[in-house]
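Quantities reported herein were computed from a predicted structural model and do not represent experimental measurements.
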Amino acid sequence: MARLKFGAFLAPHHPIGEHPMLQFRRDLDFVEQIDSLGFDEFWCGEHHSSGWEMIASPEMFLAAAGERTKRIRLGTGVVSLPYHHPFNVAQRMVQLDHMTGGRAIFGSGPGALASDAHTLGIDPMTQRDRQDEAIGIIRRLFKGERVTAKSDWFTMNDAALQILPLQEEMPFVVASQISPSGMTLAGKYGIGIISLGSMSTQGLMALPTQWGFAEDAAKKHGTTVSRSDWRVLLSWHIAESREQARREAGPGLMRWHNEYNVGTLQRPGLQPFTSPEDAVEKTAGGEGAASTIGTPDDLVKTIRNLMQVSGGVGSIIGFVHDWANPENTRRSWDMVARYVIPEINGYTAKLRESQKFVIENRAVFERAGQAVMAKIMENDRAAAALPLTGPGRVAIPTINAPDLQKEAAKRKAKP
C-alpha cells in the first residue's frame, strides 16, 4: 500500500494581540521545523479581513519559506481566484515555482470569507463560477498557450507567460468544504482536492459522499481523479498523556472557538464553550471525533478511522492553530513526526520484526557465546582471568557474550 503523506495547513488562525511581525516570523520558524521533521507539504492561505487571519499573500509567504527549507512542498491554501486577474496569478505561481526549486503546489478556492468579497465588491453568487473560469485559463497559460479572452471580470489580449513552471506539471488542487463545487471542479479538470470541512464529525462522515461528487464530475467530463491526490484536513494537539494534552490545549481551543468562530464569524448554530474542559470534550471527545487532543496512539486511531470512513486518501494535513503555547505546539508536531507517521506508514515494523526474531530464536545464537568461550579456554592466561571477570568488564556485545561468571564458578569448583 502506498504510504500516506503528511502536511500542515496554516490559515493562519492567530489570536489578536500579538505583534504581527513576530507572528510571521514564528510561522516561518514552524515551516522550517516541519521540513526538518520530514513532513511532505505545507499550505498557507489568503485572507484580508477578520483579524485572526493575517496572511494576505500566500505566494510571498511561501517564497520566504522556500529560502528556509530544503525539501517540503509549498502549497497556496488557497489563492482566492475571484480576487485576482488570472494572468497575474499564473505569473506569481510560476515565479514561486522557480524560486522554490520546483516545490510549488497551486491550490485555489473561490474565497472563504464573505467579508473579503464585500471589501472587494464581489458578489458571492459569482465566486465559484469565476474560480472555474480562472482555472481553465491558468491551465492553458501553464501549457504555454497564447490566450485571448474577455470576461465580465477580466480581459486578456494575446497573453502568454514569459516563463513556464519549472515543474513539468505543477500540481493543481482545489479546496472543498461543504458544497459540492470544489469536488465537482476537481472532477471536471482531473486535479487534486484538499478537503477543509473534515475537522467536524459531520464533515468527516460526509467524505464518501464528497468523493462521489468528484468521481461523477470526472466521468461526465472524461477525466480521472485519484485518491492519492486527495488531501484531508484534521486538527490535533498531542502530548505524552491525554491529561497533559487537554490541559495544554483547552484554554486556547476555547478562545479560538468563542472569539473567532462564534464571536467574529458568527457561524450559524454554534454556541460558545463554557469552560476549557467543555471545549475539549465537545471538540475531541467520544468515538468518531474528527479532532484529537491526546497521545500519539489516539491520533493513530483517528487517522485509521478516517481512512476507513473515507475509503482512502493520499495525504493527512494537520490544521495549525494556537490552542497551546508555542513551545507545546512545537512539541506536539515533533511527536507526530516521531511516533504517529512511522506507525501509520510502517517505518518501525521491520525493527519490531527483527527484535521479535532475536527474542524467539535465542537458542540459535547461543553458539556465538560458545565460540567466544572456546577461544578464552584456548589461552591459559585468559582462562586464569575468568574468576576476576565481572559484569560489564568485558567489551563483548551482549548477544554474543557467554556467561563468564558461570564459567568462573566452574573453574573455582575444580580441585
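- Considering only heavy atoms from C-beta on, T292 stays 4.5 Å or farther from R242 through its side chain.
- The main-chain N or O of D158 is found under 3.5 Å from a side-chain atom of T148 such that the two form a donor-acceptor pair.
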*Verify side-chain hydrogen bond (donor to acceptor under 3.5 Å, both in side chains) between S176 and Q210, making sure each step is shown before the conclusion.*
CA-CA 9 Å; S176 172; Q210 290 283 317; 3.2 Å; yes
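- The two atoms that bring V147 and R140 nearest to each other are CG1-NH1, 3.9 Å, heavy atoms only.
- Note that CZ of F154 and CG of L81 are 10.5 Å apart. Values are rounded to the nearest 0.5 Å.
- Counting non-hydrogen atoms of other residues, nucleotides and ligands closer than 6.0 Å to CE of M21 gives a total above 12.
- With contacts defined as side-chain heavy-atom distances shorter than 4.5 Å, the pair I55/P12 qualifies.
- Nearest heavy atom pair, residue I193 against residue A186, reads CG1-CB, 3.2 Å.
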*Going through the checks in order, is the salt bridge (Lys or Arg N to Asp or Glu O under 4.0 Å) test met by E353 and K350?*
CA-CA 5 Å; E353 180 184 316; K350 296 299 289 185; 3.0 Å; yes
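- With contacts defined as side-chain heavy-atom distances shorter than 4.5 Å, the pair L141/R146 does not qualify.
- Aromatic pair F142/F172: ring centres closer than 6.0 Å.
- Among all heavy-atom pairs drawn from L234 and A290, the shortest one is CD2-O, 3.4 Å.
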_D29 vs R25, test: salt bridge (Lys or Arg N to Asp or Glu O under 4.0 Å). Steps then yes/no._
CA-CA 6 Å; D29 290 342; R25 289 181 178 178; over 6 Å; no
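- Here OG1 of T348 is found 11.0 Å from CD of Q355. Values are rounded to the nearest 0.5 Å.
- By the neighbour-count criterion of 12 heavy atoms within 6.0 Å, atom CG of L120 is densely surrounded, having more than that number from other residues, nucleotides or ligands.
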*Determine, stepwise, if the pair N88 / R92 fulfils side chain to side chain contact (heavy atoms under 4.5 Å, CB included).*
CA-CA 6 Å; N88 288 335; R92 292 198 300 267; 3.7 Å; yes
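- R103 places a side-chain N or O within 3.5 Å of a backbone atom of G66 that can act as its donor or acceptor partner.
- Comment: E41 engages R231 in a salt bridge, judged by a side-chain N to carboxylate O separation of less than 4.0 angstrom.
- A cation-pi geometry, defined here as NZ or CZ lying under 6.0 Å from the six-membered ring centre and within 45° of its normal, does not hold between R73 and F42.
- In summary, the side chains of E46 and H84 do present a donor paired with an acceptor at a separation below 3.5 Å, with no hydrogens or angles considered.
- Put simply, the side chain of S115 never gets that close to the backbone of S49: no donor and acceptor are under 3.5 Å apart.
- Of the possible donor and acceptor atoms, none in the side chain of S80 sits under 3.5 Å from a partner among the backbone N and O of Y83.
- Scanning both residues, L207 and W230, for their nearest heavy atoms gives O-CH2, 3.6 Å.
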*Under the side chain to side chain contact (heavy atoms under 4.5 Å, CB included) rule, what do I359 and K356 come out as? Steps first, then yes or no, please.*
CA-CA 5 Å; I359 292 171; K356 185 173 182 288; 5.7 Å; no
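- Here the CG-CD1 distance, from D229 to I194, works out to 12.5 Å after rounding to the nearest 0.5 Å.
- Judged by distance alone, with hydrogens and angles left aside, the side-chain atoms of S108 form no donor-acceptor pair with the main-chain N or O of V79 at under 3.5 Å.
- The structure places CG of D123 at 8.0 Å from CD of Q127, a figure rounded to the nearest 0.5 Å.
- If you look at W52 and Y260, their ring centroids are closer than 6.0 Å.
- H48 has its side chain out of reach of T119: every pair of non-hydrogen atoms, C-beta onward, lies at least 4.5 Å apart.
- The two atoms that bring G250 and A279 nearest to each other are O-CB, 4.2 Å, heavy atoms only.
- Note that the CG atom of L253 and the CD1 atom of I293 stand 5.0 Å from one another [nearest 0.5 Å].
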*Apply salt bridge (Lys or Arg N to Asp or Glu O under 4.0 Å) to E243 and R247, showing your working.*
CA-CA 6 Å; E243 294 73 21; R247 185 172 61 251; over 6 Å; no
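- Counting only distance, with no hydrogens or angles, the side chain of E248 and the backbone of N325 share no donor-acceptor pair below 3.5 Å.
- Across all their heavy atoms, P82 and I122 have their closest contact at O-CD1, 3.4 Å.
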_Intermediate values then yes/no, side chain to side chain contact (heavy atoms under 4.5 Å, CB included), T295 and E240_ = CA-CA 6 Å; T295 66; E240 283 79 1; over 6 Å; no
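- Remark: D216 does not engage K220 in a salt bridge, criterion side-chain N to carboxylate O under 4.0 Å.
- Two residues are said to be in side-chain contact when any heavy atoms from C-beta on lie closer than 4.5 Å; F61 and L10 meet this criterion.
- The backbone N or O of V280 sits nowhere less than 3.5 Å from a side-chain atom of T283 that would complete a donor-acceptor pair.
- For the residue pair Y189/D132, the side-chain donor-acceptor check at 3.5 Å is satisfied.
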*asked:* Evaluate S151 against R130 for side-chain hydrogen bond (donor to acceptor under 3.5 Å, both in side chains), listing each step before the verdict.
replied: CA-CA 9 Å; S151 172; R130 289 184 176 184; over 6 Å; no
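- A donor-acceptor distance shorter than 3.5 angstrom exists from the side chain of T76 to the backbone of G107, with no hydrogens or angles considered.
- Distance check, rounded to the nearest 0.5 Å: CD1 of I344 to CG of L299 gives 7.5 Å.
- Side-chain N or O atoms of S310 include one that pairs as donor or acceptor with a backbone N or O of L306 at under 3.5 Å.
- A salt bridge is absent between K70 and E32; no separation between the charged side-chain nitrogens and carboxylate oxygens falls under 4.0 Å.
- The aromatic rings of W256 and W323 are tilted relative to each other, their planes meeting at an angle between 30° and 60°.
- Between D40 and R71, at least one side-chain nitrogen of the basic residue sits less than 4.0 Å from a carboxylate oxygen of the acidic one, meeting the salt-bridge criterion.
- Considering only heavy atoms from C-beta on, E343 comes within 4.5 Å of R304 through its side chain.
- Side-chain contact between H14 and E53 is absent, with no heavy-atom pair separated by less than 4.5 Å.
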*asked:* Test salt bridge (Lys or Arg N to Asp or Glu O under 4.0 Å) on D334 and R330; report intermediate values, then the result.
replied: CA-CA 6 Å; D334 181 77; R330 287 180 65 89; over 6 Å; no
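- Ring geometry for F319 against H321 counts as tilted: the plane angle lies between 30° and 60°, on a 0 to 90° scale.
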*Check step by step if side chain to side chain contact (heavy atoms under 4.5 Å, CB included) holds for Q95 and E59.*
CA-CA 9 Å; Q95 181 172 332; E59 302 97 328; over 6 Å; no
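- In H221, the NE2 atom is crowded: over 12 heavy atoms of neighbouring residues, nucleotides or ligands sit closer than 6.0 Å.
- A donor-acceptor pair is defined here as one N or O able to donate and one able to accept, closer than 3.5 Å; no such pair exists between the side chain of D278 and the backbone of F273.
- Between R26 and P326, some side-chain heavy-atom pair lies under the 4.5 Å cut-off.
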